[in-house]
Each structure stands twice: as structure tokens, then as C-alpha cells.
Amino acid sequence: MPTMPTPHTEVRDPLANAAIAAELAAGLNAGAAAISPKFLYDALGSKLFEAICELPEYYPTRTEAAIVARHGPAIARAIGPDCTLIDLGAGNCAKAASLFPLLHPAQYVAIDISHDFLRDAIHRLQQRFPHIEMTGLGLDFSAGLELPGVVRREKRLFFYPGSSIGNFTPDQARAFLQRMHAQCEFDGALLIGIDLVKDSATLDAAYDDELGVTAAFNLNILRHVNRLLGADFKVPQWRHRGFFNEAESRVEMHLEARQDVRVTWPGGAREFRAGDTIHTENSYKYRQAAAVGLLEQAGFAAATVWTDPDQWFALIHARALPA
Ligand code: AVJ
């Protein structure tokens with residue numbers, strides 16, 4: 001038996017430091033209290049998100065997968081073989097793995113903030129695809145996108161599926177896309193999944209499901225913050241809220257105090273009255289033309305848009321124009 005290749009993995013210790021504690025404390029002290037959605041993804045949070053993707057109400061994952069299944073050959077033709085597939089927010093790497101037989105990438109680079117989760121996923125994947133060179137990077141790419149030297153420069157394809165771009169405001173999204181563009185050489189491109197505007201009942205249900213999995217996912221952020229900041233949040237004192245804010249074209253998740261609450265952490269404290277909220281996530285929804293416009297403003301062009309029959313979700317391929 002030949003020995004299996006081992007994927008290269010490295011961690012830029014994204015969460016365990018003083019800057020993170022300072023970021024969390026600043027968010028909790030802000031007039032409108034907030035916790036960044038990136039803190040939803042500790043090891044349990046990543047598993048809860050996987051469970052969300054199985055829910056009947058949560059259409060994005062399955063709709064995007066159906067688009068890939070239906071338009072696979074066209075996607076493969078647009079991208080061509082031997083790309084350097086850079087997976088932003090790889091999670092369990094399942095979406096990228098579904099592209100391997102279509103794209104035949106030369107290298108697979110999986111990036112995720114939840115590095116323990118990623119390490120396991122990429123080791124399993126390397127067993128299934130021993131001929132693809134794999135690298136796992138545990139880093140917070142929202143803080144910067146400088147890629148280490150092991151990442152090939154040729155034919156970089158930034159893969160940003162699942163409408164994760166929706167966590168950014170449109171201005172932040174444009175800036176983030178510009179940073180991706182700056183990491184593309186002359187032959188770089190982008191394959192991005194963007195959730196489209198739809199009726200609010202569908203959106204409300206997708207972010208407040210009957211089983212309460214999304215509620216558990218949202219509440220779990222408090223346990224993660226307790227560990228990172230040394231805070232003393234008590235989960236039963238909080239309630240999940242998830243709903244479409246049509247005026248802002250975004251789904252919002254909040255945690256609402258069920259009663260008056262006092263939260264303390266080393267060097268700080270905050271009182272919440274019953275009904276006060278902590279904003280934990282935005283998930284922006286775009287119209288197709290606005291999504292393409294955003295990519296163009298960031299230096300990408302020749303967009304091809306694939307969508308589902310209901311036009312609920314868009315998968316877009318766009319090439320990086322020379323800077
Ligand atoms: C991973 C950011 C794309 O916004 O739909 C799912 C996260 N939050 N349910 C989304 C999420 C609540 C998800 N993204």
C-alpha cells in the first residue's frame with residue numbers, strides 16, 4: 001500500500017488572543033450590543049451549522065447544490081481544469097468536494113476560522129482524493145487575505161459559496177471582493193454563491209426553524225464568548241430572534257434578554273433589560289443585477305449567473321480584470 005499524502009495544515013491562531021477579547025468587549029459595550037457572526041463557529045457551532053443545512057426550511061445549501069448538479073458541465077467549461085481552488089469558509093469541505101470531479105483542481109486550499117473542524121475535514125478529504133495537493137489554513141480571512149507561499153499563484157479560483165458574503169454589509173462586501181481581486185493574478189477568478197431576495201415568510205422560516213436548530217446555533221455563540229472572554233452569559237436567559245428586515249434587505253439574528261440580565265467579564269460588565277437585544281448576524285439578500293454590479297465594482301467581469309427555477313439563489317462565475 002502506498003502511503004497516503006498528508007495535507008499541509010497551518011493555523012494562524014485566529015481566536016485565542018487579547019485582540020479577540022478586546023473586540024468582543026467593545027461589541028458588548030456598544031450602544032447597540034453586537035457579537036460578530038464569526039464567533040458562531042466554534043466546533044459545536046460548525047456542527048450546528050451543518051445541521052441547519054439539512055433543515056427543510058433552510059433552502060440555500062440545497063438550492064446551491066442543485067444549481068451545481070444541474071449546471072456542472074457549464075460551470076466546468078467556464079472555469080477549466082487545473083485551477084487553484086481556494087475555499088473561503090470551507091467548513092466540512094463538502095461543497096468543494098462536490099466540485100472536484102467537475103473541476104479537477106491542481107491544488108485545493110481550504111480556509112476556515114474553525115481550525116479543529118477544518119483539520120479533520122481536510123484529512124478525510126485527502127484520503128478520498130489523494131492526487132489533489134491540499135492545504136488547510138485556520139485563519140480569520142475577514143481580517144486579511146494574505147495567502148502563504150504554499151498557495152499556487154496560477155489560475156486561482158476563489159470559491160465563496162453559501163452566500164457567506166451576506167454577512168458583510170454591501171460596502172464591506174465590495175471591499176472584501178477587492179481584496180480577493182488583489183490576490184488574483186492575470187488568470188484569477190471567482191465562483192460565488194449569493195442568496196437572492198424573496199418573500200419574507202420563506203426567509204423568516206429559514207432563520208427561525210421549527211426544530212430550533214437555528215436558535216441553538218445562535219445561543220451557542222454565548223457559550224463561545226464565555227470561553228473566549230471569560231464572560232458569564234447564561235443561555236436560558238436569552239431567546240433567539242431571526243427575521244427578514246425588508247428595508248435593509250437582510251435577515252437579522254439577535255439574542256433577546258428574557259429578563260433583566262447582568263453579564264460580567266474580566267474588566268467589564270453590562271446590564272440588559274428584558275427585551276434588550278444583542279445583534280449576532282446580518283445575512284444580506286441581493287437582487288441578481290445588484291449582485292453582479294457588486295462584483296463589477298470590485299474588478300470582476302464577464303459574469304455568468306446560474307440560478308434555480310424559483311430564482312432563490314445565484315451561483316456566479318466572474319473573471320478578475322487586470323488591476
Ligand atoms: C453561513 C452566513 C451563509 O447567513 O444563511 C444560517 C449563516 N445563520 N442560519 C446564512 C446562518 C443562520 C449563513 N451563512
Side-chain angles (χ1 to χ4, degrees), residues 34-65 67-68 87-96 110-114 117-118 121 140-142 158-170 172-173 176-177 191-222 224 238-245 248-256 277-286 291 294 308 312-316:
I35 303 171
S36 164
K38 70 188 177 196
F39 298 111
L40 291 164
Y41 302 95
D42 63 352
L44 177 58
S46 296
K47 286 183 178 148
L48 289 167
F49 180 66
E50 271 190 302
I52 286 173
C53 295
E54 305 280 324
L55 293 171
E57 296 98 328
Y58 193 73
Y59 61 84
T61 314
R62 126 170 31 86
T63 308
E64 187 179 51
I67 294 169
V68 171
D87 190 358
L88 300 172
N92 63 13
C93 304
K95 290 180 186 178
I111 306 179
D112 204 283
I113 195 168
S114 188
F117 193 79
L118 177 67
D140 174 7
F141 57 77
S142 71
F158 284 93
F159 180 47
Y160 199 33
S163 202
S164 293
I165 190 92
N167 275 168
F168 295 116
T169 66
Q172 292 168 336
F176 183 61
L177 290 164
L191 182 65
I192 186 170
I194 301 187
D195 199 14
L196 301 175
V197 174
K198 59 187 62 63
D199 68 284
S200 34
T202 300
L203 288 165
D204 289 347
Y207 291 83
D208 193 7
D209 63 278
E210 287 183 352
L211 277 179
V213 180
T214 307
F217 173 67
N218 194 8
L219 288 161
N220 178 62
I221 206 172
L222 297 177
H224 195 199
W238 299 86
R239 166 185 294 131
H240 165 68
R241 296 283 184 211
F243 56 86
F244 185 48
N245 177 340
E248 299 285 349
S249 196
R250 68 191 189 199
V251 170
E252 298 179 10
M253 290 208 314
H254 300 262
L255 292 165
E256 181 185 306
T277 57
I278 303 174
H279 193 171
T280 53
E281 185 173 51
N282 289 321
S283 189
Y284 280 84
K285 308 303 170 189
Y286 288 88
L294 201 63
D308 54 293
W312 275 7
F313 199 92
L315 185 66
I316 307 179

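Both counts, for ligands and for their atoms, begin at 1 and track the order of listing.
Residue contacts with ligand 1 for Y41 involve side-chain atoms from C-beta outward but no N, CA, C or O (heavy atoms, distance under 4.0 Å).
When hydrogens are left out, the protein atom nearest atom 11 (C) of ligand 1 is E281 OE1, 3.5 Å; that is the closest non-hydrogen contact. Looking from atom 3 (C) of ligand 1 to the surrounding protein, the closest heavy atom is G162 O, 3.0 Å.
Taking only nitrogen or oxygen atoms, main chain and side chain alike, Y58 reaches within less than 3.5 Å of ligand 1. For a threshold of 3.5 Å applied to N or O pairs, the pair formed by S163 and ligand 1 contains no separation below that value. Polar contact with ligand 1: present for Y207 (N/O pair, distance under 3.5 Å). When only interatomic distances are considered, the shortest N/O to N/O separation between K285 and ligand 1 does not fall below 3.5 Å.
Less than 4.0 angstrom separates some heavy atom of F49 from each of these atoms of ligand 1: 1 (C), 6 (C), 7 (C), 13 (C). Residue contact check: N167 has heavy atoms under 4.0 Å from atoms 2 (C) of ligand 1. The atoms of ligand 1 that sit less than 4.0 Å from any heavy atom of M253 are 12 (C). Listed by number with element, the atoms of ligand 1 under 4.0 Å from a non-hydrogen atom of S283 are 4 (O), 5 (O), 10 (C).
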Worksheet item: Between F243 and H254, is a ring pair (Phe, Tyr, Trp, His ring centres under 6.0 Å) present by the stated rule, with each step listed?
Response: CA-CA 9 Å; F243 56 86; H254 300 262; 5.6 Å; yes
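A pairwise comparison of heavy atoms in D195 and K198 identifies OD1-NZ, 2.9 Å as the closest pair.
Between T202 and Y59, the side chains place no donor N or O within less than 3.5 Å of an acceptor N or O (distance only, hydrogens not considered). For the residue pair T63 / D308, no side-chain donor-acceptor distance below 3.5 Å is found, with atom types taken as modelled.
For the atom pair CG (L222) and CZ (F39), the distance works out to 13.0 Å, reported to the nearest 0.5 Å.
Contacts of F244 classified as ring pair (Phe, Tyr, Trp, His ring centres under 6.0 Å), with partners at least two apart in sequence or in another chain: none.
Residue pairs meeting the salt bridge (Lys or Arg N to Asp or Glu O under 4.0 Å) criterion with at least one member in residues 207-222: none, sequence neighbours excluded.
At least one heavy atom of S164 sits under 4.0 Å from some atom of ligand 1.
Here F176 and Y160 bring their ring centres to under 6.0 angstrom of each other.
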